[in-house]
Novice: 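Handing you this structure, nothing more for now.
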Protein chains: 2
Amino acid sequence: MTDLDLVLKEHGLRKTTFRKELLSLFYDSNSSLTAEEVKNILGHTTDKVTIYRALDAFEKTGLIHRVPDKSNLTRYAICHSECSSIKHVHNHAHFICNSCNETFCINDIKIPHIEGAKGFLIKNAKLTLEGDCPQCQS
Amino acid sequence: MTDLDLVLKEHGLRKTTFRKELLSLFYDSNSSLTAEEVKNILGHTTDKVTIYRALDAFEKTGLIHRVPDKSNLTRYAICHSECSSIKHVHNHAHFICNSCNETFCINDIKIPHIEGAKGFLIKNAKLTLEGDCPQCQS
DNA sequence: TCTTTAACGCAACTCGGTTGCAAATATAAA
DNA sequence: TTTATATTTGCAACCGAGTTGCGTTAAAGA
Ligand SMILES: [Zn+2]
Ligand SMILES: [Zn+2]
Ligand SMILES: [Zn+2]
Ligand SMILES: [Zn+2]
């Protein structure tokens with residue numbers, strides 16, 4: 001039983017060929033993926049509904065998390081923290097490259113603590129950065 | 001010539017009945033509006049295409065700016081700063097209420113300066129807060 | 001092996017938003 | 001005030017990401 005199999009099992013998911021490939025994609029990616037990108041990488045053999053449902057399942061069980069996307073597509077990246085089906089726990093910033101339009105998790109940048117303003121009760125904060133990623137700087 | 005007329009003219013837009021009402025909506029709102037909310041408030045008389053195109057025009061000329069939305073709808077709020085057709089200039093946080101799903105501009109909270117990480121060149125930063133807005137706290 | 005349940009594939013659908021084009025109207029020049 | 005020009009509007013048709021229903025396939029556990 002490989003690592004991928006074990007991870008799927010631990011999260012209550014079945015180890016099908018497609019889901020092992022999908023999980024592997026996320027572990028190998030240094031940035032993030034949309035459903036369409038998954039479909040292109042995997043060679044169009046898998047139905048889009050299957051992809052969407054697998055992404056939903058992965059998110060619900062704490063394997064991947066949603067990241068912001070330049071075009072408002074639904075985009076996911078792997079969870080490195082102690083996420084589970086109970087709760088996602090993230091404290092890092094996300095970076096959207098103006099040039100390649102990719103989204104990166106920036107684990108080195110933590111979300112600063114923000115003081116509430118005039119009656120607003122803050123329970124969560126998201127920090128999204130924009131600019132040029134390392135690959136896109138000449 | 002009313003204030004609304006003048007503002008439209010200064011931004012190179014014609015003062016039609018609909019666009020004056022639309023601009024008035026944004027000035028009167030303390031939060032933000034989607035195309036559908038505009039349609040509902042104005043009573044369904046105006047075609048949705050007209051609304052979308054007016055919102056586009058208002059954004060391009062610096063009258064309104066996009067704000068984050070809980071459901072990824074396109075949502076706008078009035079620009080209070082020195083925005084124009086050349087450039088939008090904003091430095092405030094946005095707050096999404098978990099209860100009423102509204103989005104508020106929080107002008108009191110400025111975006112903190114973020115140091116770049118390992119090769120990422122940061123040109124812009126967005127801070128989105130979530131929690132309970134003043135109206136939704138019991 | 002048998003039974004149960006999750007995962008898959010197909011078709012049809014939803015819905016926020018867009019495009020093309022002709023008609024209406026605001027603006028400014030004559 | 002009339003006329004010319006450019007913007008705005010309305011309708012219909014379209015687009016595309018994501019969803020839903022349902023019957024079939026295939027893991028997992030007994
Ligand atoms: Zn997570
Ligand atoms: Zn992330
Ligand atoms: Zn602005
Ligand atoms: Zn704002």
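Letters A, B, ... are given to chains in the order of the sequence lines, protein chains preceding strands, and every chain is numbered from 1.
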Novice: Hey, which sits more toward the 5' end of DNA chain D by its nearest nucleotide, A/R14 or B/T16?
Specialist: B/T16
Novice: What's the NZ-C1' distance between A/K39 and C/dC8, to the nearest Å?
Specialist: 12 Å
Novice: Rounded to whole angstrom units, what separation is found between the NE2 atom of B/H11 and the C1' atom of C/dT27?
Specialist: 19 Å
Novice: Please write out each protein N/O paired with an N/O of nucleotides 12-17 of chain C under 3.5 Å, distance rounded to 0.1 Å.
Specialist:
residue, atom, partner, partner atom, Å
C/dG17, OP1, B/T74, N, 2.7
C/dG17, OP1, B/T74, OG1, 2.6
C/dG17, OP2, B/Y52, OH, 3.0
C/dG17, N7, B/K48, NZ, 3.2
C/dG17, O6, B/K48, NZ, 2.7

Novice: Does the side chain of B/K60 reach to within under 4.5 Å of the side chain of B/S85, using non-hydrogen atoms?
Specialist: no
Novice: For this output row, return yes or no: ring centroids of A/F120 and B/F104 closer than 6.0 angstrom.
Specialist: yes
Novice: What I want to find out is whether A/E37 reaches A/R75 closely enough, with some N-O distance under 4.0 Å, to be called a salt bridge.
Specialist: yes
Novice: Between C/dG9 atom P and A/F18 atom CZ, what is the distance in whole Å?
Specialist: 8 Å
Novice: Reckon A/T50 has a side-chain N or O less than 4.0 Å from the OP1 or OP2 of C/dG9?
Specialist: yes
Novice: Between C/dC8 atom C1' and A/L55 atom CG, what is the distance in whole Å?
Specialist: 14 Å
Novice: Please state whether the rings of B/H65 and B/H88 are parallel, tilted or perpendicular, taking 30° and 60° as the class boundaries.
Specialist: tilted
Novice: Checking A/T61 side chain against A/A57 main chain: does a donor-acceptor pair fall under 3.5 Å?
Specialist: yes
Novice: Could you check how far NZ of B/K9 sits from P of C/dT27, rounded to whole Å?
Specialist: 8 Å
Novice: When you measure from the side chain of A/E82 to the backbone of A/V89, do you find a donor-acceptor pair of N or O atoms at a distance under 3.5 Å?
Specialist: no
Novice: Whole Å only: how far is the CD1 atom of A/I51 from the P atom of C/dG9?
Specialist: 9 Å
Novice: Exactly one of A/L23, A/T17, A/T16 should register a side-chain contact (heavy atoms from CB on, under 4.5 Å) with A/R19. Which one does?
Specialist: A/T16
Novice: Atom NZ of residue position A/K39 - does it have more than 12 heavy atoms of other residues, nucleotides or ligands inside 6.0 Å?
Specialist: yes
Novice: Would you mind reading off the distance between A/D47 atom CG and C/dA11 atom P, rounded to a whole angstrom?
Specialist: 9 Å
Novice: OP1 or OP2 of C/dA7 less than 4.0 angstrom from a side-chain nitrogen or oxygen of A/R19, does that happen here?
Specialist: yes
Novice: Tell me if a side-chain donor or acceptor on A/S84 pairs with a main-chain N or O of A/I86 at a distance below 3.5 Å.
Specialist: yes
Novice: What range of DNA chain D does chain B touch, first nucleotide to last, counting atoms under 4.0 Å from its heavy atoms?
Specialist: D/dA6 to D/dA12
